[in-house]
Enquirer: 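Sending over a structure as structure tokens; questions will come in a sec.
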Amino acid sequence: VDTVVFDKTGTLGEEAMELVDFVAAPGFDRNALRSMVAAVEGASQHPIARAFRDYAGTDFVARDVRLLPGAGISGMVGNHALRLGNLSVVPEAGKAMAEGLIDHASTERGQGHPIYVVIDEQPAGAAFLRETLRAGVLDSISQLEAMGLKCHVMTGDRAESASRHGLPGVEAGMLPEEKASRVKALEEAGQRVLFVGDGINDSAAMQEASAALAIRGGAQMAMESADGEIPGASLINLPAVIARSRAAVTTIRGNLLFAAGYNVIGIALAACGLLHPVAASLVMLASSFTVTWRALRESGSRKAPRVPDATGVGWLAPVVAIGLALQGPLLAWLGNFPAPTAAGIILLFAAAGLGLFVVVATRNLDPEAANILLMVSVGGVAMLIGWWADAGFGPVVREGVCLCNCANSTMGLGLFAKLNWMDFAMVGASLPMLVVNQESNRWICWFAGIVGMLVGMEAAMVLSANIPTANPHISFFAGYGSMLFGMVLGMILACGAVRKFSK
């Protein structure tokens, strides 16, 4: 979801409102009137009704109690017909008198929620209710907005009552059908709405939203219309719920992309005769283990997931996608592959680049994840260009031999044996890290990241160069994969150490 819409009364406010004043019109007994109101409200679970429970007694019994959607409640007490609710329950001829009763209340206008009482079509009294926000409501809304979510509040209250809590995007005086229409309009405008409510009046809006959550203890119809329930009396965990849901979806999509890419690469290698059937069964087992581990890691986490901070860089998605896609033709040419195999490699990396674009463009990534993607994509391109230069500005695989991947080659001697083009290429590829990482220690992290990835790549290239293999293409891919892995791992460990010791 990208938009969260809240009902106010009973959702953002406490389950029970507080009765702070009650005024009876001339000719009506204040205590008897209050008991009659309590008898009618006793049939409802609405937060307004709960405010009158302490005044319920055995003197009056209500019957034929009915909810008036968006207005209030009605019922019969003895031979009298009562209506309770906002100003719309008052006959037109009595509205001036009803509003005049509010002037006799000790509570100032705008500091409470007025409830009008009508008996036999005559304004009989008015009550003032005070609403207190649930614990952590404003903090939760601030966290949701920090996650990039738009927050709205839709309520049937008057504007002056609804705005006094400092809530964002308040739309007041809304009937249930107006809430539903507004949510539908947001959905049709392309927004994915989560509606959070508690009452019968929220059910229609819940059904129009992409997702809905109900406050446990609210109206049964609201809980049946919602996709889930929020237990307890606080919304403080709502940002963590959304973050965990996003993390679960990210894990699912990541597993699908990983499994698809892994199998396509495996099939391509097997089709080229580069993957032995026994090795294929082992790497397939490793693939299944990895996907299962990633899923269990997410579902088994007991701590609330960290709310991600957006990197704020709109260029990230196309850059990492292009960087990954460019590695296909570079690998095909440097490896001097036959035309069919080269075409397969190019298509594979182009598809991976497109998939990565979709993933990054629809996510708010933290700086660490963004840096990893930059190293895999931009860093990978820089590494291949440096490899090409160190191989004498030509293909790495020539005449059946993989240059730069034997004990006496540039790779075998290591990055630090002499000045290599790959050194300069990797330093240049690390510059986007400075833009993505806006922390106060970003320069130290950047320098440590350079050292870490160079050391990691050094170890990986020396290791891969000293592993004997008769197939030059396997040797070439082993060098590429090990260097990319060592580079990313070295950067992660170095930057992580800086963040840990700089706290």
Side-chain angles (χ1 to χ4, degrees), residues 1-15 46-48 69-70 86 113 131 133-246 249 307 364:
V1 298
D2 52 34
T3 303
V4 182
V5 175
F6 295 96
D7 168 55
K8 185 177 73 69
T9 305
T11 301
L12 299 181
E14 293 284 0
E15 293 183 18
H46 195 276
I48 289 177
N86 56 34
H113 184 91
E131 183 179 28
L133 291 183
R134 292 177 183 268
V137 162
L138 295 178
D139 288 341
S140 295
I141 292 177
S142 296
Q143 289 184 50
L144 292 172
E145 290 177 337
M147 294 168 64
L149 292 154
K150 300 174 185 176
C151 294
H152 301 268
V153 178
M154 297 183 186
T155 177
D157 279 3
R158 298 186 306 173
E160 56 266 31
S161 298
S163 60
R164 71 185 186 90
H165 296 292
L167 298 168
V170 175
E171 300 179 46
M174 300 188 74
L175 296 173
E177 56 269 24
E178 291 174 333
K179 289 184 181 181
S181 297
R182 180 76 174 105
V183 171
K184 183 178 180 180
L186 291 173
E187 290 280 345
E188 291 177 347
Q191 299 184 38
R192 296 183 299 276
V193 179
L194 166 66
F195 193 96
V196 183
D198 77 313
I200 293 176
N201 294 340
D202 302 324
S203 300
M206 286 179 169
Q207 293 175 356
E208 294 291 346
S210 294
L213 293 174
I215 303 295
R216 183 173 295 175
Q220 186 65 30
M221 184 179 293
M223 289 189 284
E224 291 176 355
S225 300
D227 300 297
E229 298 176 13
I230 301 177
S234 175
L235 297 177
I236 196 66
N237 288 324
L238 184 58
V241 167
I242 295 177
R244 182 174 293 283
S245 299
R246 287 180 171 181
V249 173
V307 176
N364 285 329

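Count residues from 1 along the sequence.
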Enquirer: Rounded to the nearest 0.5 Å, what's the gap from CD on Glu224 to CE on Met206? Could you check?
Expert: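 Rounded to the nearest 0.5 Å, the CD-CE separation comes to 11.5 Å.
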Enquirer: Can you list everything that forms a side-chain hydrogen bond (donor to acceptor under 3.5 Å, both in side chains) with Ser140? Sequence neighbours excluded, please.
Expert: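 side-chain hydrogen bond (donor to acceptor under 3.5 Å, both in side chains) list for Ser140, sorted by chain: empty.
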Enquirer: Got a second to check how far Leu186's CG is from Thr3's OG1, nearest 0.5 Å?
Expert: 6.5 Å
Enquirer: Pick out which of Asp7, Val5, Ile230 makes a side chain to side chain contact (heavy atoms under 4.5 Å, CB included) with Val196.
Expert: Ile230
Enquirer: Report the distance from atom CG of Leu149 to atom CG of Leu194, rounding to the nearest 0.5 Å.
Expert: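 Interatomic distance, Leu149 CG to Leu194 CG, rounded to 0.5 Å: 8.5 Å.
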Enquirer: Could you tell me the separation between the CG atom of Asn237 and the CD1 atom of Ile242, rounded to the nearest 0.5 Å?
Expert: 11.5 Å
Enquirer: Backbone N or O of Ser225 within a donor-acceptor pair of the Gln207 side chain at under 3.5 Å?
Expert: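 No: the side chain of Gln207 does not pair with the backbone of Ser225.
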Enquirer: Please name the pair of heavy atoms, one in Ile215 and one in Leu235, separated by the smallest distance, quoted to 0.1 Å.
Expert: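 Looking at all heavy atoms of both residues, the shortest contact is CD1-CD2, 3.7 Å.
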Enquirer: As an exercise, state the distance from CE of Met174 to CZ of Arg182, rounded to the nearest 0.5 Å.
Expert: 7.0 Å
Enquirer: Is there a side-chain contact between Met147 and Arg246 (heavy atoms, below 4.5 Å)?
Expert: yes
Enquirer: Any side-chain to backbone donor/acceptor pair from Glu187 onto Val193? Under 3.5 Å, distance only.
Expert: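 Pair found, side chain donor or acceptor close to backbone of Val193.
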Enquirer: Within the structure provided, determine whether Ile141 and Phe6 are in side-chain contact (heavy-atom separation under 4.5 Å).
Expert: yes
Enquirer: Can you tell if the side chain of Leu213 reaches within under 4.5 Å of the side chain of Leu238, non-hydrogen atoms only?
Expert: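 A side-chain contact exists here, since the closest heavy-atom pair is under 4.5 Å.
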Enquirer: If I take atom CD from residue Glu208 and atom OG from residue Ser181, how far apart are they, to the nearest 0.5 angstrom?
Expert: 7.5 Å
